[in-house]
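Just below is one structure, and these are the notes that go with it.
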Amino acid sequence: MHKIHAAITAVHGYVPDYVLTNHELESLVDTNDEWITSRTGIKERRILKGEGLATSDLAVPAVNTLLQKRGIGAEEIDLIIFCTTTPDMPFPATANILADKIGAKNAWGYDLQAACSGFVFGLATGASFIESGRYKKVLVVGGDKMSSIIDYHDRATCIIFGDGCGAALLEPTAEEGYGIIDSVLKSDGSGREFLHMKAGGSLRPATHESVSAREHFAYQEGKTVFKFAVTNMADVAAEIMERNSLVADDIAWLVPHQANKRIIDATASRMGISDDKVVINIERYGNTTNGTIPLCLWEWESKFKKGDNIVLAAFGGGFTWGSMYIKWAY
Ligand code: UT7
């Protein structure tokens, strides 16, 4: 029987207008532009300001423009997978809220929580729904309003994260060898204590004490996470190359999660990929968690050519990590 392949057929992104610079952070915590730039590669990040605005509001403009570009209506979407660590509310799913806001009346959806690896996990899951023959248009959204869970008194985290969102449409392709070719996905829950939110879940529901102890913010032991990220992101990227008999020259673009420029450089170096093939926008947006990879795809879309071999690689809280091999289909 003819195998159905899933391909990305459109991408788009959105970042809010407000620019939080390293210099502004210097007025909030004991840090400086030189330290942030040299240790992370980040110069500025975007923040969603305004009452009543949530992660779904970052997704609406990204998805609406994506649909316009593809020339389809929201009612044609079958499934929405919303990859986020900052859902609008614990329930219902942000995918449902987004469906309502954009008029995706015929879609069902759910949220996917895999921290910074979420978008890669979401693409892999969405591709399976296409490959099964069950659905024809799956929207995978990756976005976070990280500013809603960042403690702007904590210099270990507030310098890194920002807000942003991107989306990709998956559709079946008749062309053999194009689209999502392979993925390697991993998780290890024993790493959960190094990057997590201490309270607000069923383990420690919100109390006056948990709020006073500032436990509703992202907590990270940066050095430990860094160590695991450098090793695992590079390992998984190397694994996907080996599995698919790819050498560095075969790869047109590496699209890595944007957590720290030093982690990106280590991954590229392990793969033998030169700087000009590495997609990097961390200096402008920081770490938008689920948003980093789709924002990169959006900003580099015009440079991608049909047939380009693209490798995605991510590492995040959980721990979770993964890589994906895509042959760009348009
Ligand atoms: O996206 C999900 C996965 N997340 C990641 O991949 C993030 C991984 N971790 C990192 O990117 C890095 O660990 C950080 C950027 C978070 C921190 O960089 P680091 O090089 O690991 O710094 P460190 O925590 O080892 O701190 C080095 C020094 C310390 O001072 P002493 O003890 O050497 O005197 C810190 O107190 O830098 C100090 N420091 C700062 N100084 C200025 C820590 N944060 C800051 C800061 N500004 N914001």
Side-chain angles (χ1 to χ4, degrees), residues 16 18 20 24-25 28-31 45-60 80-101 109-119 121-122 141-165 187-225 228 257 259 286-292 315-320:
Y18 189 86
L20 175 60
E24 186 176 347
L25 284 170
L28 301 174
V29 290
D30 180 16
T31 191
R45 57 300 284 137
R46 299 301 182 95
I47 303 294
L48 181 63
K49 297 265 185 183
E51 280 297 307
L53 295 176
T55 298
S56 66
D57 297 297
L58 296 167
V60 169
I80 299 175
I81 302 174
F82 204 128
C83 313
T84 186
T85 301
T86 53
D88 286 18
M89 48 188 80
F91 77 91
T94 308
N96 288 42
I97 299 169
L98 177 66
D100 179 51
K101 287 184 175 178
Y110 58 89
D111 289 2
L112 189 154
Q113 162 62 292
C116 298
S117 309
F119 189 74
F121 284 23
V141 183
D144 277 294
K145 183 187 171 186
M146 289 305 291
S147 59
S148 65
I149 58 163
I150 291 303
D151 182 355
Y152 288 94
H153 293 95
D154 176 12
R155 71 176 182 174
T157 51
C158 74
I159 55 140
I160 302 169
F161 293 98
D163 302 340
C165 183
S187 60
D188 176 0
S190 68
R192 64 191 178 279
E193 69 194 80
F194 303 113
L195 179 50
H196 69 301
M197 192 194 284
K198 292 180 191 295
S202 58
L203 179 65
R204 277 176 63 73
T207 58
H208 288 294
E209 289 72 31
S210 69
V211 172
S212 304
R214 311 185 78 78
E215 290 178 348
H216 295 269
F217 294 116
Y219 167 83
Q220 175 170 254
E221 288 179 27
K223 231 189 219 337
T224 308
V225 178
F228 278 93
H257 170 53
N287 182 349
T288 54
T289 303
N290 287 272
T292 60
F315 183 88
F319 292 132
T320 56

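Predicted model, so just to flag it, every value in this text is computed and none were measured.
- Side-chain atoms of Lys49 and Leu20, non-hydrogen and from C-beta on, never get closer than 4.5 Å to each other.
- We find the CD-CZ distance between Glu24 and Arg45 to be 9.5 Å, quoted to the nearest 0.5 Å.
- Here the closest non-hydrogen pair linking Gly316 and Ala115 is C-CB, 4.3 Å.
- Phe315 has its side chain within reach of Val225: a pair of non-hydrogen atoms, C-beta onward, lies under 4.5 Å apart.
- Between Val29 and Asp154 the shortest side-chain heavy-atom distance does not fall below 4.5 Å.
- Annotation for Gly143 and Thr86: closest pair O-OG1, 4.4 Å, computed over non-hydrogen atoms.
- In this pair, Phe319 and Phe228 present their aromatic rings tilted. The plane angle is within the 30 to 60° band.
- Under the 4.0 Å criterion applied to side-chain N and carboxylate O atoms, Asp88 and Lys145 are not assigned as salt-bridge partners.
- The shortest non-hydrogen separation linking Pro205 to Ser210 is O-OG, 4.1 Å.
- Taking CE from Met146 and CG from Asn290, the interatomic distance works out to 9.0 Å, rounded to the nearest 0.5 Å.
- Of the possible polar contacts, one joining the Asp57 side chain to the Ala54 backbone as a donor-acceptor pair under 3.5 Å is found.
- To the nearest 0.5 Å, atoms CZ (Phe161) and CD (Gln220) are separated by 5.0 Å.
- Between the Arg155 side chain and the Asp30 main chain, a donor and an acceptor come within less than 3.5 Å of each other.
- The minimum heavy-atom distance linking Arg46 with Pro16 is given by the pair NH1-O, 2.9 Å.
- Note that OG1 of Thr85 is 14.0 Å distant from NE2 of His196, once rounded to the nearest 0.5 Å.
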Take Thr224 and Glu193 through the test side chain to side chain contact (heavy atoms under 4.5 Å, CB included) and record every step on the way to the result. CA-CA 10 Å; Thr224 308; Glu193 69 194 80; over 6 Å; no
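- Remark: the Thr288 side chain and the Asp144 side chain contain no N/O donor-acceptor pair separated by less than 3.5 Å.
- Remark: side-chain polar atoms of Ser212 are paired, donor with acceptor, to backbone N or O of His208 under 3.5 angstrom.
- No side-chain heavy atom of Thr157 sits less than 4.5 Å from a side-chain heavy atom of Phe217.
- Although no hydrogens or angles enter the test, the distance criterion places no donor-acceptor pair under 3.5 Å between the side chain of Glu51 and the main chain of Leu53.
- The closest side-chain heavy-atom distance from Cys165 to Thr55 is not below 4.5 Å.
- With values rounded to the nearest 0.5 angstrom, His216 atom NE2 is found 12.0 Å from Asp151 atom CG.
- Thr320 and Gly317 make their closest contact through OG1-O, 3.3 Å (heavy atoms, listed as atom of the first residue, atom of the second, distance).
- Counting heavy atoms from C-beta on, the side chains of Arg214 and His153 come closer than 4.5 Å.
- Proximity of Ser117 to His257: side-chain heavy atoms (C-beta onward) are nowhere separated by under 4.5 Å.
- Side chains of Asn287 and Cys116 form a contact here, defined as non-hydrogen atoms less than 4.5 Å apart.
- Note that CD1 of Ile160 and CG of Leu25 are 11.0 Å apart. Values are rounded to the nearest 0.5 Å.
- Listed here is the closest heavy atom pair of Tyr152 and Cys158: CD2-CB, 3.6 Å.
- In summary, of the residues considered (Leu58, Val60, Asp111), a side chain to side chain contact (heavy atoms under 4.5 Å, CB included) with Leu98 occurs for Val60 alone.
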